Enquirer: 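The structure's right below; bear with me while I get my questions together.
The model shown is predicted, which means the values in this text are computed figures rather than measured ones. The sequence lines fix the lettering, A, B, ..., with proteins before strands; numbering per chain opens at 1.
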Protein chains: 2
Amino acid sequence: MKSKEITIYDIAKELDISPATVSRGLRDHPAISRKTKKKIMDTARAMGYRSNTFASSLRLKRTNTIGVIIHRLDSYFVATVLAGMEKVASESGYNLIISQSLENTEKEIANANTMFNSRVDGVMASLAYDTEDISHFEVFIEKKIPLLFFDRVYKHKDCPNVVIDNYKAAYEITSHLIEQGCKKIVHVTGNLKRNVYADRFEGYKKALEDNGLKYTDELLIINYMDEHIGPNVDAAKQILAINPLPDGAFITNDAFAAYCMRELKLAGISIPKDIAIAGFNNDPISGLVDPNLTTINYPSYEMGEVAARTLINHLREVTDMMLTESIVLKSEMIIRGSSLKKGAQ
Amino acid sequence: MKSKEITIYDIAKELDISPATVSRGLRDHPAISRKTKKKIMDTARAMGYRSNTFASSLRLKRTNTIGVIIHRLDSYFVATVLAGMEKVASESGYNLIISQSLENTEKEIANANTMFNSRVDGVMASLAYDTEDISHFEVFIEKKIPLLFFDRVYKHKDCPNVVIDNYKAAYEITSHLIEQGCKKIVHVTGNLKRNVYADRFEGYKKALEDNGLKYTDELLIINYMDEHIGPNVDAAKQILAINPLPDGAFITNDAFAAYCMRELKLAGISIPKDIAIAGFNNDPISGLVDPNLTTINYPSYEMGEVAARTLINHLREVTDMMLTESIVLKSEMIIRGSSLKKGAQ
DNA sequence: AATAAAATTACAATCGGTTGCATTTTAAAA
DNA sequence: TTTTAAAATGCAACCGATTGTAATTTTATT
């Protein structure tokens with residue numbers, strides 16, 4: 001004998017008014033008098049009424065739900081972005097539906113379809129490792145469902161994106177390594193088709209060039225960049241295989257850099273004396289490894305907040321996000337022991 | 001001119017049959033002939049039909065959505081649990097709505113209400129740091145919406161929980177410290193009202209007792225256990241303030257333990273020689289700090305999978321989870337350098 | 001070919017909230 | 001008191017899928 005669900009019809013009957021008035025009263029419609037509104041509100045509370053979102057969504061064609069597609073939940077960076085998004089969304093009365101592609105394009109396509117069928121009001125996405133064709137996102141654009149990319153973005157005229165200046169950050173941190181005396185800096189990074197890695201690579205190369213250092217392909221180590229394959233030794237091994245040994249390494253992920261550092265240390269390399277290391281993200285791990293890791297502070301929580309706020313404001317027609325091409329957040333270098341060949345500053 | 005949404009009525013008109021047949025055809029109802037079904041399916045695909053979930057939910061009183069309430073997304077442990085949940089849920093056609101309490105009971109209450117109003121089919125929750133009264137969850141129980149707790153659980157006759165044996169794990173790791181020669185072991189942990197911390201505390205005390213060591217309140221350091229307050233030095237300071245200095249520490253969170261280790265090392269303490277350290281969770285950080293941290297492997301991803309599977313099977317009436325009181329997952333100790341006073345094994 | 005049985009398909013009500021427009025009530029003006 | 005305007009409320013259709021029951025068609029049986 002489950003307690004029956006209360007509807008506006010029940011409230012209407014109770015107060016002997018029409019359901020339409022109840023509906024308007026509950027939504028604070030101006031055509032309803034103060035007095036009636038109060039009666040309705042009170043009765044609704046007393047009877048334990050809760051609005052049926054489906055009936056409402058069915059009528060209004062809105063869900064107050066935002067879909068988020070990310071590559072994986074269990075990454076410090078992603079979890080932090082999500083935390084920021086969730087905060088803003090929940091403050092604004094939106095629910096978040098989150099799904100992970102696990103770096104797999106097939107799954108990303110499936111997720112996009114699920115979101116589409118769930119009729120989310122908007123979508124925030126960060127692409128999987130090797131997604132190139134984004135036609136699975138076209139459905140949103142066609143149906144005018146706002147779509148926004150963050151971090152791993154795709155430049156599309158109908159999709160704003162929220163990013164940091166990866167090029168500049170990479171340029172800056174590479175320059176720092178050079179300034180510390182590095183002459184041969186390897187770059188460990190991910191799939192160069194992804195904007196984040198491509199931009200960092202360009203920044204890195206430009207810094208070398210501007211400082212009279214020559215870039216050769218030998219210096220580029222492409223890696224899967226997965227924090228979760230556990231102690232990854234491949235990259236470290238590849239570094240060690242280079243002859244003569246590099247004296248600097250710019251690794252585009254702190255967790256990954258931490259694993260490399262461990263392997264290098266095990267191989268008897270001294271950091272930063274033999275090789276100076278710089279990471280990316282300002283993962284908490286960067287402050288815990290020995291020596292502490294020089295890195296780029298990536299405002300992940302803020303990125304989540306900004307992305308969510310931008311999308312929600314657009315949904316509410318507060319602002320038109322389609323006027324925006326991209327939002328670039330501030331990032332800054334954090335210099336720590338792992339790169340200080342010249343000794344502490 | 002946004003393309004109009006296709007409904008079963010459109011398909012019905014196109015094929016000159018009734019909407020009822022279309023509905024049944026799409027859901028593979030046995031009363032519809034093979035031939036008609038095929039026609040319906042093909043036309044639906046051709047016309048770009050997508051089912052309207054609200055209309056369906058309104059009718060069926062189901063949402064295929066599961067609510068998850070956690071304390072915070074940006075915690076390694078939580079993110080990993082969520083990853084496991086998301087995997088299982090998405091495989092089974094369920095969406096996950098995730099909201100974080102940020103360790104705040106007020107927000108947890110608000111989240112529970114949102115979930116309730118969103119009419120989730122079921123809920124998985126891990127309690128906030130100091131939630132004691134769980135009456136905000138009673139609505140689910142009253143409305144027979146299955147509710148399951150994981151990790152930070154609350155024993156309630158209508159709510160199964162998924163946990164590890166915190167008592168045993170703590171007993172084991174404390175015994176290990178003792179076996180390594182520790183005579184004075186401090187315990188750094190969280191709010192003892194939370195089962196996870198209470199159970200670990202009991203296991204720790206029992207291990208001391210069984211080995212003839214005396215427990216005194218001086219050895220207990222209660223801390224907020226937040227990985228995100230950044231370099232937390234309080235606990236480390238408190239340890240250093242104890243006279244004579246302890247020779248062992250069991251800290252119930254790896255990230256937290258890592259921060260403590262850093263502070264202790266800065267204070268000139270040698271680990272494990274002066275103080276042996278043990279953590280909890282098997283956070284990746286445990287394998288990166290120096291020395292590597294002895295810890296308990298907490299099967300977080302598996303916990304997420306198990307919790308989600310249990311709830312979904314219940315929703316699908318495959319199994320009746322209400323027959324289960326709790327599911328205890330295996331955990332095991334991982335011995336690493338931070339606790340090996342007697343040298344590597 | 002006639003009839004019964006089985007297999008398909010259609011009708012119409014339902015789920016609960018929303019909203020354009022019509023109607024009633026109340027207040028203000030004449 | 002009557003007229004008119006403004007404010008408040010009600011009517012009824014609609015959103016799209018589902019389903020019990022009735023109606024129709026097909027197939028099998030004699």
Enquirer: Looking only at atom types and distance, does a side-chain atom of S57(B) sit under 3.5 Å from a main-chain N or O of T53(B), one as donor and one as acceptor?
Expert: yes
Enquirer: Can a cation-pi geometry be assigned to R50(B) and F116(A), taking NZ or CZ under 6.0 Å from the six-membered ring centre and within 45° of the ring axis?
Expert: yes
Enquirer: Measuring from T310(A):OG1 to L315(A):CG, what's the distance to the nearest 0.5 Å?
Expert: 11.0 Å
Enquirer: With a 4.0 Å cut-off on heavy atoms, is S57(B) in touch with a base, just the backbone sugar-phosphate, or nothing at all?
Expert: nothing
Enquirer: Quick one: are K155(A) and N195(A) in side-chain contact, heavy atoms under 4.5 Å?
Expert: no
Enquirer: Hey, is E302(A) close enough to K87(A) for a salt bridge, meaning N to O under 4.0 Å?
Expert: no
Enquirer: Taking only side-chain nitrogens and oxygens of T36(A), does any of them come within less than 4.0 Å of OP1 or OP2 of dA8(D)?
Expert: no
Enquirer: Can you check the D16(B) CG to dT24(D) P distance for me, whole Å?
Expert: 16 Å
Enquirer: I want to check one thing: is the phosphate of dC11(C), taken as OP1 and OP2, less than 4.0 Å away from some side-chain N or O of S18(B)?
Expert: no
Enquirer: Measure CD1/I40(B) against C1'/dT8(C) and give the value in whole Å, please.
Expert: 11 Å
Enquirer: Whole-Å distance between dT8(C) P and K38(B) NZ?
Expert: 17 Å
Enquirer: Taking OP1 and OP2 of dT8(C), is either one under 4.0 Å from a side-chain nitrogen or oxygen of S33(B)?
Expert: no
Enquirer: Using atom CZ of R62(B) as one end and atom C1' of dT14(C) as the other, report the distance to the nearest whole Å.
Expert: 16 Å
Enquirer: Quickly work out the I17(B) CD1 to dT25(D) P distance and round it to whole Å.
Expert: 15 Å
Enquirer: Atom pairs under 3.5 Å, N or O on each side, protein against nucleotides 16-18 of chain C: can you list them with distances?
Expert:
{"unit_1": "dG16(C)", "atom_1": "OP1", "unit_2": "K61(B)", "atom_2": "NZ", "d": "3.2"}
{"unit_1": "dG16(C)", "atom_1": "N2", "unit_2": "A55(A)", "atom_2": "O", "d": "3.3"}
{"unit_1": "dG17(C)", "atom_1": "OP1", "unit_2": "Y49(A)", "atom_2": "OH", "d": "2.5"}
{"unit_1": "dG17(C)", "atom_1": "OP2", "unit_2": "I8(A)", "atom_2": "N", "d": "2.7"}
{"unit_1": "dG17(C)", "atom_1": "N7", "unit_2": "Y9(A)", "atom_2": "OH", "d": "2.7"}
{"unit_1": "dG17(C)", "atom_1": "O6", "unit_2": "Y9(A)", "atom_2": "OH", "d": "3.1"}
{"unit_1": "dG17(C)", "atom_1": "N2", "unit_2": "R59(A)", "atom_2": "NH1", "d": "3.2"}
{"unit_1": "dT18(C)", "atom_1": "OP1", "unit_2": "R27(A)", "atom_2": "NE", "d": "3.1"}
{"unit_1": "dT18(C)", "atom_1": "OP2", "unit_2": "S23(A)", "atom_2": "OG", "d": "3.0"}
{"unit_1": "dT18(C)", "atom_1": "O2", "unit_2": "R59(A)", "atom_2": "NH1", "d": "2.4"}

Enquirer: Five pairs per end, C1' atoms only: what is the angle between the end axes of the helix from dA1(C)-dT30(D) to dA30(C)-dT1(D), to 10 degrees?
Expert: 40°
Enquirer: For H29(B) and dT8(C), what is the distance between atoms NE2 and P respectively, to the nearest whole Å?
Expert: 12 Å
Enquirer: Tell me whether R72(B) is salt-bridged to E103(B), with the criterion being a basic N under 4.0 Å from an acidic carboxylate O.
Expert: no
Enquirer: Without decimals, in angstroms, what is the distance between K35(B) NZ and dT9(C) C1'?
Expert: 13 Å
Enquirer: Specify the separation, in whole Å, of atom CD1 of I32(B) and atom P of dA10(C).
Expert: 8 Å
Enquirer: Less than 4.0 angstrom from a charged side-chain N to a carboxylate O is my criterion; do K37(B) and D28(B) meet it?
Expert: yes
Enquirer: Show your reasoning for whether salt bridge (Lys or Arg N to Asp or Glu O under 4.0 Å) applies to K144(A) and E138(A).
Expert: CA-CA 10 Å; K144(A) 312 259 187 255; E138(A) 290 291 342; over 6 Å; no
Enquirer: To the nearest 0.5 Å, tell me how far I97(B) CD1 sits from T114(B) OG1.
Expert: 9.5 Å
